[in-house]
Every structure is written in structure tokens, then in C-alpha cells.
Amino acid sequence: MEQLADDHDLLSLPKEKWCGDDLVYQFNGFWFTLPCLKAALHLLNNFNPLPTDVILASFPKTGTTWLKSLLFAITNRTSKDSLISTHPHDLIPTLELQVYSPNPTAAGILTSSNGNTRIFSTHVPYQLLSKSAIHSSECRIVYVTRNPKDTLISLWHYMAKSKMSHMRPWTIEEAVDKFCHGTVAYGPYYDHVLQFQKQSLERPHKVFFVSYEELKDDTKNQVKKLAEFLSCPFDNEEEADEIVKICDIQTLKQHEVNKSSDLPKWLGLPYNSYFRQGEVGDHKNYFNSQIIQRIDDMTRDKFHSAGFMFGI
Ligand code: PAP
């Protein structure tokens, strides 16, 4: 992996504008905002997972919040009511935002010894994680993906919320362009997804790979598979039914904490920005046929030609 000594080295990396005037920097083939890159390097150099740890990995806007809720509920059945009072992102911290950031809000999880399974999440691509202790550890990885068009429209909405009125807006055309060039935070999306998909085929006991669409289509069945992967299968159907219900977006949206427009300490966007439509196919309300064609061509070229028949 490319070695960087200091901030000066970081600033000399190739950079591009992505959302409005915000910059992303290229490191080992992927694009990062500067704070996330610094934190990601800190994480890669210092995180030593326990064999019992679970890492939720994802490209942004592919179902992370949903999976955080499900993973928490599945592994903490007796305290699953915490989902009523605590935002899923505060129940399961993101390594590069809450644990290895310059002002970490959840670093205590590294030293806590309450005996619970530690669950972390990350958007850092496998290509970089494979250079860290995460690769050799027996910890398990759960990866969620989502079709590229809905991922992009979800990202576009989310980033639009982050723009102040005086800032240049991010048009849909610009967002599509950046997404297709891979110059979005943690992009390219296709390289991110493909590597975890490959790992899940090679090491199915280590990497559980699921799509947002599969989860939507048959939530209960996928949740049961997830519980088995995590070595905590359900004793009865009712247990699985309950977890599906408490993690449903409509249930979660009703909790005050998830409706809140307060800003979490670790990010500049309000808690409620993680719950929007939660539907499959929302891109059809925004993309014209040329945009759909452009992304579908890219999906065929990147996914289908690699044998991964997903995303159209
Ligand atoms: P993150 O990577 O920033 O954490 P992430 O949670 O992956 O974001 O993506 C947010 C999307 O998941 C939103 O999709 P949308 O913009 O298309 O609506 C959000 O609505 C959706 N989402 C959040 N929680 C759930 C849930 N419990 N069930 C289904 N979808 C959900």
C-alpha cells in the first residue's frame, strides 16, 4: 500500500472536485475526503480486531443504517429496545468517523469489556482493509450493497442536505458524472462492491454479502441467514418476525431520536437524514432514460462482465 508520511504527502495526492466544490483525494485507487482519508489510515494502521468482532462494510447509502439496526438487534436480543432511544449510528460506530477520527466519540468501545460482540462499521474498501489486521483476523464481515441507481439518488439527496443555501448545488447531472467516473467519497462504487463480492465467494464463512434489494424482497429469510452467519440463530419464528418489525424503516422513523434534526457530534448532518424513502427503484423519479442507459451500460461493463449479474 502506498505509504504517506504526513499531511503534506496527503495534500499532494491527486484530487478532484466531487460534490459542488468539495474535494476528494485519490489513494490506492479510491477517492476520499481528506478527514476520512486521515482517519482511514489511522484505522488501517492501528485497528486490531478480536476474532469475535463483526465489521459491517458498505459503500455509502446502500443500507448501512438498516444493517446497523439489524446487526444490533440480532446480537443484543435482550437490549434491542435500545433501538427506540438510540440512533443506529450511535449503537454501532463507524470506524473512520467515530473511533479513529481526530475527535473520536466512540473510542471507548475498543477497551470496553462488557462481553458483548463488538460491531463496527466502515465504508473503507476491501482493497485497503486487506492491508490491515482485519484481513488476517478471524473477525466476520457483513457487506451490504444496493443497485447503483438507487445508491446514487440516495447519495444525491443526502449530499443536497449538507449544502448550505449559499453553496453551489450538486445537480443530478454532475452527481451522475462523478459517480460514473468514480470520483465520489469512497468511490469507485463498482470496485468497492466487486471486491467484497469476490471475497464472499472465496471466504463465505468470513464475508456475508447481501443486497438491499434481497433484504427488501424477503427480509425475514435474509435476517435468519444473517443470524446463522453470526452464530446466533433464532430459537423460533417469532423472534425473527420481531426483529424484522423493529428494524423496519417505518418503525424506526417513528422514534424521536430518529426524527431528530440534532446533529450527531461526529457528522454535520442531522440524525433524521439517514431515513428517507427506503424504497427500491426511487431513481426512476429522478433519472431520464439517457442517464439510466449510461449507468446501466457501466453496470454491464463493470459487474456483468465480471460475472456479477446485479444492478439493472
Ligand atoms: P450511510 O451509508 O450514510 O449510513 P445508508 O444507511 O447506507 O447511509 O443509506 C441510507 C438509505 O437507507 C436511505 O435510502 P433512500 O435515500 O433511498 O431512502 C434510507 O432511507 C435507507 N434506510 C435507512 N434505514 C432503513 C431501513 N430500516 N430499512 C430500509 N431502508 C432504510
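In each ligand, atom 1 is the first atom listed, and ligand 1 is the first ligand listed. Residue numbers run from 1 in the order of the sequence given. Note that this is a predicted model, so its numbers are computed, not measured. Note: hydrogens, waters and symmetry copies are ignored here, and every other heavy atom, side chains too, is used.
Of the heavy atoms in His89, only side-chain atoms (C-beta onward) come closer than 4.0 Å to ligand 1. At a heavy-atom distance under 4.0 Å, no atom of Val144 approaches ligand 1. With a heavy-atom cut-off of 4.0 Å, Ser69 does not touch ligand 1 at all.
Here the heavy atom of the protein found nearest to atom 14 (O) of ligand 1 is Arg146 NH1, 3.2 Å. In this structure, the protein non-hydrogen atom closest to atom 13 (C) of ligand 1 is Ser154 OG, 3.6 Å. Protein heavy atom in closest approach to atom 6 (O) of ligand 1: Thr65 OG1, 2.5 Å. Nearest to atom 22 (N) of ligand 1 among the protein's heavy atoms is Ile249 CD1, 3.8 Å. Ranking the protein heavy atoms by distance from atom 1 (P) of ligand 1 puts Lys61 NZ, 3.6 Å first. In this structure, atom 23 (C) of ligand 1 lies nearest to the protein heavy atom Tyr274 O, 3.1 Å. Nearest protein neighbour of atom 21 (C) of ligand 1, counting heavy atoms only, is Tyr212 OH, 3.9 Å. Considering only non-hydrogen protein atoms, atom 20 (O) of ligand 1 sits nearest to Arg276 N, 2.8 Å.
In this model, a donor atom of one side chain and an acceptor atom of the other lie less than 3.5 Å apart for Ser121 and Thr94. Neither side chain, Ser101 nor Lys38, offers a donor N or O lying under 3.5 Å from an acceptor on the other. Donor-acceptor pairing under 3.5 Å is lacking for the side chains of His304 and Thr299.
Residue contacts with ligand 1: Phe59 is placed with no nitrogen or oxygen under 3.5 Å of a nitrogen or oxygen of the ligand (distance criterion only). In terms of N/O distances under 3.5 Å, ligand 1 is approached by His123. On a distance-only criterion, Thr62 and ligand 1 share at least one N/O pair closer than 3.5 Å. Residue Asp150 has no nitrogen or oxygen atom sitting less than 3.5 Å from a nitrogen or oxygen atom of ligand 1, judged on distance alone. Checked by distance only, ligand 1 and Gly63 come closer than 3.5 Å through their nitrogen or oxygen atoms.
Relative ring orientation between Phe308 and Phe310 is described as parallel, the plane-to-plane angle staying below 30° on a 0-90° scale split at 30° and 60°. The aromatic rings of Tyr126 and His135 sit perpendicular, their planes meeting at an angle over 60°, well past the 30° parallel limit. Between Trp66 and Tyr212, the ring-plane angle classifies as perpendicular under the 30° and 60° cut-offs. Ring geometry for Phe179 versus Tyr189: interplanar angle of 30 to 60°, hence tilted.
Taking every non-hydrogen atom of Cys247 and a distance limit under 4.0 Å, the qualifying atoms of ligand 1 come out as 27 (N). Applying the 4.0 Å criterion to heavy atoms of Leu252 picks out, from ligand 1, the atoms 27 (N). Atom numbering of ligand 1 starts at 1 in the shown order; those under 4.0 Å from a heavy atom of Gly278 are 15 (P), 18 (O), 20 (O), 30 (N). Atoms of ligand 1 lying under 4.0 Å from any heavy atom of Gln277, numbered from 1 in the order shown and given with element: 18 (O), 20 (O). Taking every heavy atom of Phe275 and a limit of under 4.0 angstrom, the matching atoms of ligand 1 come to 20 (O), 23 (C), 24 (N). The distance from ligand 1 to the heavy atoms of Pro60 drops below 4.0 Å at these ligand atoms: 2 (O).
When all heavy atoms of Lys220 and Val244 are compared, the pair lying nearest together is CA-CG2, 3.7 Å.
For the atom pair CZ of Phe47 and CG of Leu129, the computed distance is 9.5 Å after rounding to the nearest 0.5 Å.
With respect to Asp282 and Lys149, no salt bridge is recorded, no charged nitrogen being found less than 4.0 Å from a carboxylate O.
Applying the ring pair (Phe, Tyr, Trp, His ring centres under 6.0 Å) test to residues at least two apart or on different chains, the pairs with a partner in residues 71-93 are His87-His89, His87-Tyr271, His87-Tyr274, His87-Phe275, His89-Trp266, His89-Tyr274.
Residues satisfying the ring-ring contact (aromatic ring centres under 6.0 Å, His included) criterion with His181, sequence neighbours excluded, are absent altogether.
Inter-residue side-chain proximity for Lys206 and Ile141 is flagged as met; some heavy-atom pair is nearer than 4.5 Å.
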